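See structure below.
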Amino acid sequence: MSMDNQGIKQRFGIIGNSIGLNRAIDIAKQVAPTDISVLVSGESGTGKEVMPQIIHNLSHRKHNKYIAVNCGALPEGTIDSELFGHVKGAFTGANSDRAGYFEEANGGTIFLDEVAEMPLQTQVRLLRVLESGEFIRVGSSKVQKTDVRIIAATNKHIPEEIDKGKFREDLYYRLSTVPLELPPLRNRKEDIELIFRKFAVDFSDKYRMPVIQLADDAKHILVNYRWPGNIRQLRNVTEQLSVIESDRKVSKETLINYLPEAYQSRLPVLANKSEQTSDLNEREILYKVLFDMKKDLNQLKSLVLDMMESGGSSNLNPENSAFVQQLMNDNSIEIVSDDSPISIAPQKEEFHQPIQIHEEVEESLSLADKEKEFIVKALKKHNNKRKYAAKDLGISERTLYRKIKEYNI
């Protein structure tokens, strides 16, 4: 019997009516009668674990087992045994044969949460199950068959994991026959206050206390906060307010105490240098390099003009004097200034080439041009060896290969 969206929400405790949420439920309803694989994606705390339950309970497998497995919580040394089983003596501690989750879920559905955390060796085994329904217990040579519906979920961007060599591309395409994405809470603003009220009532019943309510200015903060932890964070904040606050009318000032950096978190900020380097993608890194080069070039031109007008580095203004000191501390260059024309030359070279002042021509800031230029230089530096060029550029060899084809290098 088919069920409408409202019935599904009531049955599975889903709150909200945003477009993104309704779209996800529609997809779950449409794929439920089939056996095709589904990949549920979305940020942590968005409720991805509910979608596999909807799919299973609306499918012809609903009377068989539904097993949920958190791949990130299983140690790498035992995950194969947990998923596919093992035979007696397969490893230390294997005192008897054991059936794995794929064997136990035969005829039903298995939900693989945090699938991007799965080791590569296990990914190969999973791919075989998806392609042929076959698996082998650890320590055995006997091929067994299973008939399971596989639904996976991840909060990671798997194409990026593929580029890093941490996830198999063929497995990704087999899992994501139907992609299903759950929107983050910040994109469901019309649902936030409704979810808060539901949690407030739940905790009022649980702790036998009056229901907390929000003042109008507090509602504005609640709706416009970014909620990095999504529904899970909103639930925790509501529970804290319900237990701790004696005044059941929550003001803006009170709510902010429970929302670290309530305003700053809505703005794009750069973390410390190490985090910035690891988190920025290739395009952002190139932008930063380009603008840093532009800034240094303009400051260098200003320095040269200042030195020529003042008659030497000793008469520079404070800003350019500090820049000169920075250049002299850098082992790669030195400033040469006597009564002859001023020059800036590499250290440990036996010549000084005078700088000629010329009319400034606006340089190209085309990202594509600069990106191509960097790639050409890296390839030339490493004699067209893509592996070392990619490492020098800070990108994967797969990405470098794609860029070479894109720019026809």
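Worth saying up front: this structure is predicted, and the values here are computed from it rather than measured. Side-chain atoms are counted along with the backbone in the values below, which use heavy atoms only and exclude waters and symmetry mates.
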**Fill in**
Nearest heavy-atom contact between D163 and S396 is O-CB, 3.2 Å
**Prompt:** Sub-3.5 Å donor-acceptor pair from the side chain of D113 to the main-chain atoms of E49, do we have one?
**Reply:** no
**Message:** When you measure from the side chain of N64 to the backbone of G107, do you find a donor-acceptor pair of N or O atoms at a distance under 3.5 Å?
**Reply:** yes
**Request:** Drop me the distance from M118's CE to L83's CG, to the nearest 0.5 angstrom.
**Result:** 5.5 Å
**Asked** Backbone N or O of G42 within a donor-acceptor pair of the N155 side chain at under 3.5 Å?
**Response** no
**Item:** Side-chain (N224) to main-chain (H220) donor-acceptor, under 3.5 angstrom
**Value:** yes
**Message:** Measuring from atom CG of L127 to atom OH of Y172, what distance do you get when rounded to the nearest 0.5 angstrom?
**Reply:** 15.0 Å
**Asked** Quick one: ring-ring contact (aromatic ring centres under 6.0 Å, His included) partners of F199, sequence neighbours excluded?
**Response** none
**Item:** Straight-line distance of F84 CZ to L126 CG, nearest 0.5 Å
**Value:** 6.0 Å
**Message:** To the closest 0.5 Å, what do you measure between CD1 (I151) and CG (L39)?
**Reply:** 10.5 Å
**Item:** Under-4.0 Å salt bridge between D216 and K252
**Value:** no
**Prompt:** Taking atom OG1 of T399 and atom CD1 of I375, what is their separation to the nearest 0.5 Å?
**Reply:** 10.0 Å
**Complete:** Between E43 and the options K48, R186, K156, the salt bridge (charged side-chain N to carboxylate O under 4.0 Å, His left out) test singles out R186
**Asked** Less than 4.0 Å between a side-chain N and a carboxylate O, is that true for R128 and E134?
**Response** yes
**Asked** Do N57 side-chain atoms and K62 backbone N/O form a donor-acceptor pair below 3.5 Å?
**Response** no
**Message:** Going by the rule ring-ring contact (aromatic ring centres under 6.0 Å, His included), which residues pair with F111 if we only count those two or more places apart in sequence or in a different chain?
**Reply:** none
**Asked** Do the charged groups of R137 and E103 touch, with an N to O distance under 4.0 Å?
**Response** yes
**Asked** Are D170 and R174 ion-paired here, with the side-chain N under 4.0 Å from a carboxylate O?
**Response** no
**Of E114, R232, Q233, the residue whose pairing with S44 passes side chain to side chain donor-acceptor pair (under 3.5 Å)** = R232
**Request:** Using the side-chain hydrogen bond (donor to acceptor under 3.5 Å, both in side chains) rule, take T46 and N230 through it: C-alpha gap first, then chi angles, then the decisive distance, then the call.
**Result:** CA-CA 6 Å; T46 53; N230 293 291; 5.6 Å; no
**Request:** Check for a donor-acceptor pair, side chain of N70 on one end and backbone N or O of G72 on the other, with a separation under 3.5 Å.
**Result:** yes
**Request:** Flag the pair E193 and R197 as a salt bridge only when some basic side-chain nitrogen lies within less than 4.0 angstrom of an acidic carboxylate oxygen.
**Result:** yes
**Item:** Side-chain donor/acceptor of R125 to backbone N/O of I136, under 3.5 Å
**Value:** yes
**Prompt:** To the nearest 0.5 Å, how far apart are CZ in R61 and CD1 in I55?
**Reply:** 12.5 Å
**Message:** Show, in sequence, the C-alpha distance, side-chain angles and deciding distance for R98 and V138, and conclude whether the side chain to side chain contact (heavy atoms under 4.5 Å, CB included) test is met.
**Reply:** CA-CA 10 Å; R98 179 188 179 279; V138 176; over 6 Å; no
**Mutual orientation of the aromatic rings belonging to Y66 and H56 [parallel < 30°, tilted 30-60°, perpendicular > 60°]** = tilted
**Message:** Quick check against the 3.5 Å criterion: does N383 have a side-chain atom that pairs as donor or acceptor with the backbone of K385?
**Reply:** no
**Asked** Step by step, would you call E245 with Y258 a side-chain hydrogen bond (donor to acceptor under 3.5 Å, both in side chains)?
**Response** CA-CA 11 Å; E245 294 301 322; Y258 293 86; 2.5 Å; yes
**Test item: T254 side-chain N/O and V250 main-chain N/O as donor-acceptor pair under 3.5 Å** = no
**Prompt:** Does any N or O in the side chain of T146 come within less than 3.5 Å of the main-chain N or O of F102, such that one atom is a donor and the other an acceptor?
**Reply:** yes
**Prompt:** Looking at V115, L130, I158, which hits side chain to side chain contact (heavy atoms under 4.5 Å, CB included) with L171?
**Reply:** L130
